[in-house]
S.K.: 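The structure's right below; bear with me while I get my questions together.
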Amino acid sequence: MIAFGPVPSRRLGRSLGINNIPPKICTYSCIYCQLGRTIKMQVERRAFYEPEAVLRDVQGKVEKAREAGEAIDYLTFVPDGEPTLDINLGREIKLLRPLGIKIAVISNGSLIGHEDVREDLLGADWVSLKMDSTRREIWRKIDRPHGTLRLASILDGALEFASEFKGELATETMLVGGVNDGDDHIREVAGFLARLRPAIAYLAIPTRPPAEEWVRPPVEEVINRAYQIFSQKVDRVEYLIGYEGNAFAFTGDVEEDLLSITSVHPMREDAVSEFLARAGVGWAVVHELVEQGRLVETEYAGRKFYVRKIH
Ligand code: SF4
C-alpha cells in the first residue's frame, strides 16, 4: 500500500501519507530511529514505484475520503525511509497537483546538496528538513550517515533551497541526551537556523523505542533551555514530543489544556498565571500536576517555566 490515512497530524492537520519507497531504505541510520536500524543504506536516487501507480493509489484514497466527507489538508510524502531517494519524486508531485490538495515532504535533508533533489522539492508546498547537528562529529554520531555524505554540502544545499523555496519550510531537530544537547552545540544549530529562516523549527525528543537502546531524551531543564535558545533565533519554535493532544484547541479541561500547551512549548510562570485566571481556577491544579510528575518546574535566565514531563 502506497497511500495511507488520512491521519491527524499536529503539523499538517489531516494528512494522507504517501509511502513512496519501500520500508527502511535510508541515507541515514539515526540512533533514535523508531523503525530500528536501517536495513539498506543508500545514497543513489532510483525508481521504486511507477509514478502512475503512486497517483492511482493516492487518488483512490482521496476519492474514498471525499465520499466519506473526510477532509484532507495535505498529501504527505513520509515513507519509512528517505523520500528524496525516489528519483521520481518531482514527477509524482506534478502528477498529484490536479488533485488540488497541498503537498508536503518530510525529508532528512541529506540529499539537499544535489540540484535535482532541490528541484523536486521546490514543487512541494511544505518541506521539512532534519537539522540534528551542524558539527560533523556530532552529525556522524547521531544520524550515522552513509559514508559518502558530506555535512557541508547538506548545509549549503539547505541554504540554497531555502533561498528559492516559495512554500513553507520547517526544520526538525531531534535532541538526544548527552549527544547533541550541549548548550554550545544548540547555539550553533540555532545560529544556522537563523540563516536558514524556516517558517517553523521543531524540537523533537525521542519518545518511542529508538534504534539504539541507550538513547535517552535530554532532561526537562535542557529541553526548556533548547527552546529558549532556538526562540532567540527563529520566530516560531515548537516541540514534537510524540504527544498529539489537541494543542491550542481548548477543551475547557484545565489539566488537559495545560498538558497540551506544554507539549508544544514551555510556559513561563506569567503565561500560566494568565491562563489560570482566564480559566477561573487557582494554582492548585498546576501544583498537583507537578506532584503527579506530569509537569516539571524549571528555571531559565532567572525565570520560572513549566515543561511537560518527558522521562
Ligand atoms: S532519517 Fe528518518 S528514517 Fe532514516 S534513519 Fe533517520 S529517523 Fe530513520
Side-chain angles (χ1 to χ4, degrees), residues 11 19 21-43 77-85 105-113 128-155 157-158 170-190 192-193 198 201-227 229-230 237-244 263 307-311:
R11 287 175 283 184
N19 248 324
I21 60 165
K24 209 62 221 266
I25 299 180
C26 197
T27 52
Y28 283 174
S29 184
C30 304
I31 53 173
Y32 55 77
C33 185
Q34 62 192 43
L35 308 167
R37 290 186 188 152
T38 300
I39 300 166
K40 191 159 182 260
M41 283 192 87
Q42 70 174 68
V43 285
F77 287 85
V78 56
D80 292 340
E82 173 46 33
T84 62
L85 277 170
V105 183
I106 299 185
S107 165
N108 66 18
S110 58
L111 303 178
I112 196 84
S128 171
L129 301 176
K130 190 188 286 300
M131 284 294 152
D132 290 341
S133 182
T134 44
R135 246 186 238 173
R136 198 167 152 266
E137 327 80 73
I138 296 181
W139 170 66
R140 291 182 71 95
K141 187 164 181 199
I142 191 167
D143 294 342
R144 297 190 297 197
H146 186 280
T148 59
L149 290 170
R150 295 289 167 264
L151 182 60
S153 146
I154 295 170
L155 299 178
T171 58
E172 193 172 320
T173 303
M174 179 68 88
L175 290 177
V176 177
V179 178
N180 67 341
D181 66 340
D183 275 11
D184 285 354
H185 180 257
I186 290 170
R187 265 195 205 97
E188 252 179 62
V189 176
F192 179 77
L193 295 183
Y202 288 104
L203 274 171
I205 287 109
T207 49
R208 300 195 193 139
E212 302 306 328
E213 256 179 51
W214 54 267
V215 166
R216 294 282 173 274
V219 295
E220 283 79 6
E221 191 189 347
V222 171
I223 295 171
N224 178 40
R225 202 149 64 215
Y227 181 92
I229 295 171
F230 266 39
V237 184
E238 285 186 14
Y239 290 145
L240 280 182
I241 54 178
Y243 175 85
E244 297 279 318
S263 70
V307 189
R308 178 108 185 172
K309 177 84 181 162
I310 306 287
H311 287 260

S.K.: Please find the pair of heavy atoms, one from Leu85 and one from Gln42, that lie closest to each other, and give the distance.
M.R.: CD2-O, 3.6 Å
S.K.: How long is the straight-line distance from CG of Leu149 back to CG of Asp143, given to the nearest 0.5 Å?
M.R.: 10.0 Å
S.K.: Do Arg11 and Leu240 have side chains that approach each other closer than 4.5 Å (heavy atoms only, starting at C-beta)?
M.R.: yes
S.K.: Can you check whether Leu155 reaches Met131 side chain to side chain, under 4.5 Å on heavy atoms?
M.R.: yes
S.K.: Check Tyr28, Tyr32, Trp139 against Asp132 for a side chain to side chain donor-acceptor pair (under 3.5 Å) and give me the one that passes.
M.R.: Tyr32
S.K.: Restricting to non-hydrogen atoms, name the atom on Pro206 and the atom on Pro217 that form the minimum distance, rounded to 0.1 Å.
M.R.: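 Nearest pair, atom of Pro206 first, then Pro217: O-CG, 3.8 Å.
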S.K.: At their closest point, which heavy atom of Ala211 faces which heavy atom of Cys30, and how far apart are they?
M.R.: CB-O, 3.7 Å
S.K.: Atom NZ in Lys130, atom CD1 in Ile154: separation rounded to 0.5 Å?
M.R.: 11.5 Å
S.K.: Is any side-chain heavy atom of Val215 closer than 4.5 Å to a side-chain heavy atom of Met174?
M.R.: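 A side-chain contact is absent here, since even the closest heavy-atom pair is not under 4.5 Å.
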S.K.: So, applying side chain to side chain contact (heavy atoms under 4.5 Å, CB included) with Thr84, which one of Leu111, Ile112, Thr27 is it?
M.R.: Leu111
S.K.: Looking at every heavy atom in both Arg140 and Pro145, which two are closest together, and how far apart are they?
M.R.: CA-CD, 3.6 Å
S.K.: What's the separation between atom SG in Cys26 and atom CG in Asp80, rounded to the nearest 0.5 Å?
M.R.: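 So the SG of Cys26 and the CG of Asp80 are separated by 10.0 Å.
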S.K.: Quick check: does any side chain N or O of Asn224 sit under 3.5 Å from a backbone N or O of Glu220, one acting as donor and the other as acceptor?
M.R.: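 No, the answer is negative, given that no donor and acceptor are paired below the 3.5 Å cut-off.
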S.K.: Please confirm whether the backbone N or O of Ser263 pairs with a side-chain atom of Arg308, one donor and one acceptor, at under 3.5 Å?
M.R.: no
S.K.: Do Glu212 and Arg37 have side chains that get closer than 4.5 Å, going by heavy atoms?
M.R.: yes
S.K.: Distance-only, no hydrogens or angles: does the Thr38 side chain make a donor-acceptor pair with backbone N or O of Lys24 under 3.5 Å?
M.R.: no
S.K.: Mark yes or no for whether Asn108, through its side chain, and Ser110, through its backbone, hold a donor-acceptor pair below 3.5 Å.
M.R.: yes
S.K.: Is any side-chain heavy atom of Val222 closer than 4.5 Å to a side-chain heavy atom of Leu175?
M.R.: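 With C-beta onward as the side chain, the pair stays apart.
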S.K.: Using 0.5 Å steps for rounding, measure from the OH atom of Tyr202 to the OG1 atom of Thr173.
M.R.: 12.0 Å
S.K.: Can you give me the closest heavy-atom contact between Val105 and Pro83, atom names plus distance?
M.R.: CG1-CG, 3.9 Å
S.K.: Please determine whether side chain to side chain contact (heavy atoms under 4.5 Å, CB included) holds for the pair Ile138 and Glu188, giving the CA-CA distance in whole Å, both sets of side-chain angles, and the decisive distance to 0.1 Å.
M.R.: CA-CA 12 Å; Ile138 296 181; Glu188 252 179 62; over 6 Å; no
S.K.: Find the distance between NZ (Lys309) and CD1 (Ile223) and round it off to the nearest 0.5 Å.
M.R.: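 Reported to 0.5 Å precision, the distance equals 9.5 Å.
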S.K.: To the nearest 0.5 Å, what is the distance between NE2 on His185 and OG on Ser133?
M.R.: 2.5 Å
S.K.: Got a sec, which residues hit ring pair (Phe, Tyr, Trp, His ring centres under 6.0 Å) with Tyr227, two or more places apart in sequence or on another chain?
M.R.: Tyr239
S.K.: Any carboxylate oxygen within less than 4.0 angstrom of a Lys/Arg side-chain nitrogen, looking at Glu137 and Lys141?
M.R.: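 Lys141 and Glu137: not salt-bridged.
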S.K.: Could you pull out the closest heavy-atom pair between Asp181 and Ile186, with the gap in Å?
M.R.: O-CD1, 3.4 Å
